[in-house]
Amino acid sequence: MLAVRSAQRETKNISEGCMKLRQMQYSKGSKSSELEELPVPQNIKISNITCDSFKICWDMEPRSKERITHYFIDLNKKENKNSNKFKHKDVPTKLVAKAVPLPMTVRGHWFLSPRTEYTVAVQTASKQTDGDYAISEWSEIIEFCTADYSTVHLNQLMQKAEVIAGRMLPFSVFYRNQNKEYFDHAREAQENQMLRSVKDNSGSHGSPISGKLEGIYFCCNTEFNTGKPPQDSPYGRHRFEVRADTFFNPDTNLYFGDFYCMYTAYHYVILVLAPKGSTGDEFCKQRLPALDITNNRFLTCKQDEEGDGSLVFHHAQDVILEVIYTETVDLAVGTVAEISGHQLMSMSTVNAKKDPSCKTCNISVGR
């Protein structure tokens, strides 16, 4: 396995020999016999791709195979057009690994990010007694794309969100703010329906729902002093409100989707509400951690055992919940009215980029 430490241990030796290596790469004369003897990796294959790792293997000619002591791996984001060249003054390549049996795992959150296209090329190398390296030609350039967060990674993210979720407050409605034109268009051109749209790229870069899950955003946070939805919103002065049990009830599944911040003190948790057996439910089952609707740290629905047995609802106080409902919504199931507060555009999360340096909402995998 190629890990961060393997690269760090070799950096010093490579730095000392880099001048000779550059001369070998850019010399106008003939290549050294040592360079010609080392086999060039052929037929490179990438497999077992995750958000921050992949396996790599290749074929090599048998000649001089026993002389290979190291592999040099040039890994670049695809948008970098100057790959496979000595880009740094001191270190001739990004990753160095001892010549271990193939396939070899390349792993490291400090240079691999989820949902990112990369190019990779490989050299074989032979470490000499003086510390320098003889190297082969670069292999062909291979392209691949890293994966989304797995449910294992999302569970780690969820555990971090649970730490700061705070106490649970009661609520009774879900609401969605937009401008007047949005609701007019829904009535006049969409047969009174609010239609689903594909989730934008806000939040964690590795979120498996970004750009894929279809749904409608709703809020449910309340002001702790009034118990009602806030009168300010970044999305518009008109608000659709619907009773909480319309979307959230024992026939609904609840999933954790993401946890992030936008270089501010506010932290956001994305949850998904999907009617059991729906298309959205099937999508989430394969990708997101499921939550017990009666017992979790973010959003609960349970029967009122001390009252008439009706459903009661609670939300976490210390995070801003973004709830995606996976179905089309008829405006007739709720009401639309103008709010009295301000439109706080700075609070908008549309395509918001997650702060990769925040220790509260990042995990130790690709950002």
Is it the case that one hydrophobic cluster holds both M60 and V100, taking links as side-chain heavy atoms less than 4.5 Å apart, direct or via other members? yes
On the six-membered ring of F183, is R187 placed so that its NZ or CZ lies under 6.0 angstrom from the centre and within 45° of the ring axis? no
Starting from the C-alpha separation in whole Å, work towards a yes-or-no answer on salt bridge (charged side-chain N to carboxylate O under 4.0 Å, His left out) for E117 and K78. CA-CA 5 Å; E117 293 184 333; K78 190 175 177 182; 3.8 Å; yes
Rounded to the nearest 0.5 Å, the CG atom of L299 sits from the CG atom of L271 at a distance of 6.0 Å
Cluster question for you: counting only ILVMFWY and a side-chain heavy-atom cut-off of under 4.5 Å, with indirect links fine, are Y182 and L195 together? no
Walk me through it: do E241 and T335 pass the test side-chain hydrogen bond (donor to acceptor under 3.5 Å, both in side chains)? CA-CA 5 Å; E241 284 191 9; T335 59; 5.1 Å; no
If you count every heavy atom of other residues, nucleotides or ligands that lies below 6.0 Å from K228 atom NZ, does the total exceed 12? no
Quiz question: by atom type and distance under 3.5 Å, do the side chains of S136 and Q123 form a donor-acceptor pair? no
Determine whether the aromatic ring centres of H267 and F259 lie less than 6.0 Å apart. yes
Calculate, to the nearest 0.5 Å, the distance between atoms CG and CZ belonging to L169 and F224 respectively. 9.5 Å
Could you list the residues that satisfy side-chain contact (heavy atoms from CB on, under 4.5 Å) with R196, not counting sequence neighbours? E214, I216, T328
Pairing donors with acceptors under 3.5 angstrom, does anything connect the side chains of R239 and N177? yes
Mind telling me whether Y260 and Y268 have parallel, tilted or perpendicular rings, with 30° and 60° as the class edges? parallel
Would a hydrophobic clustering, with Ile, Leu, Val, Met, Phe, Trp and Tyr connected at side-chain separations under 4.5 Å, put F248 with V173? no
Using 0.5 Å steps for rounding, measure from the CG atom of D148 to the CD1 atom of I209. 10.0 Å
Is it the case that one hydrophobic cluster holds both Y175 and V333, taking links as side-chain heavy atoms less than 4.5 Å apart, direct or via other members? no
Mind checking whether I142 and L102 sit in one hydrophobic cluster, side chains of I, L, V, M, F, W, Y counted as touching below 4.5 Å? yes
In terms of relative ring orientation, are F54 and F144 parallel, tilted or perpendicular, with 30° and 60° separating the classes? tilted
Could you tell me whether the side chains of S113 and H205 share a donor-acceptor contact shorter than 3.5 Å? no
Under 3.5 Å side-chain donor-acceptor pair for K354 and S204: yes
Just how far is it from atom OG1 of T50 to atom NE2 of H153, taken to the nearest 0.5 Å? 6.0 Å
If every non-hydrogen atom of I44 is compared with every non-hydrogen atom of W58, which pair is closest and at what distance? CG1-CB, 3.9 Å
So, K199 and S210: side-chain donor and acceptor under 3.5 Å apart, yes or no? yes
Roughly how far, to the nearest 0.5 Å, is NZ of K160 from CG of L157? 8.5 Å
Is it true that the side chains of Q193 and D330 contain a donor and an acceptor less than 3.5 Å apart? yes
If you compare all heavy atoms of G280 against all heavy atoms of A274, which two are closest, and at what distance to 0.1 Å? C-CB, 4.0 Å
Using 30° and 60° as the class limits, which term best fits the ring planes of F174 and F218: parallel, tilted or perpendicular? perpendicular
If we ignore hydrogens and angles and just use 3.5 Å, is the side chain of K77 paired with the main-chain N or O of Y118 as donor and acceptor? no
Quickly, which of T326, I270, V272 forms a side chain to side chain contact (heavy atoms under 4.5 Å, CB included) with Y255? Name it, please. V272
Could you go step by step and tell me if K127 and D132 meet the salt bridge (charged side-chain N to carboxylate O under 4.0 Å, His left out) rule? CA-CA 6 Å; K127 190 171 185 179; D132 289 337; over 6 Å; no
The reported gap from CG in D355 to OH in Y263 (rounded to nearest 0.5 angstrom) is 5.0 Å
Go through the steps to decide whether D258 and V269 satisfy the test side chain to side chain contact (heavy atoms under 4.5 Å, CB included), and finish with yes or no. CA-CA 6 Å; D258 199 5; V269 169; over 6 Å; no
Under 3.5 Å, is there a donor-acceptor pair between the Y325 and R176 side chains? no
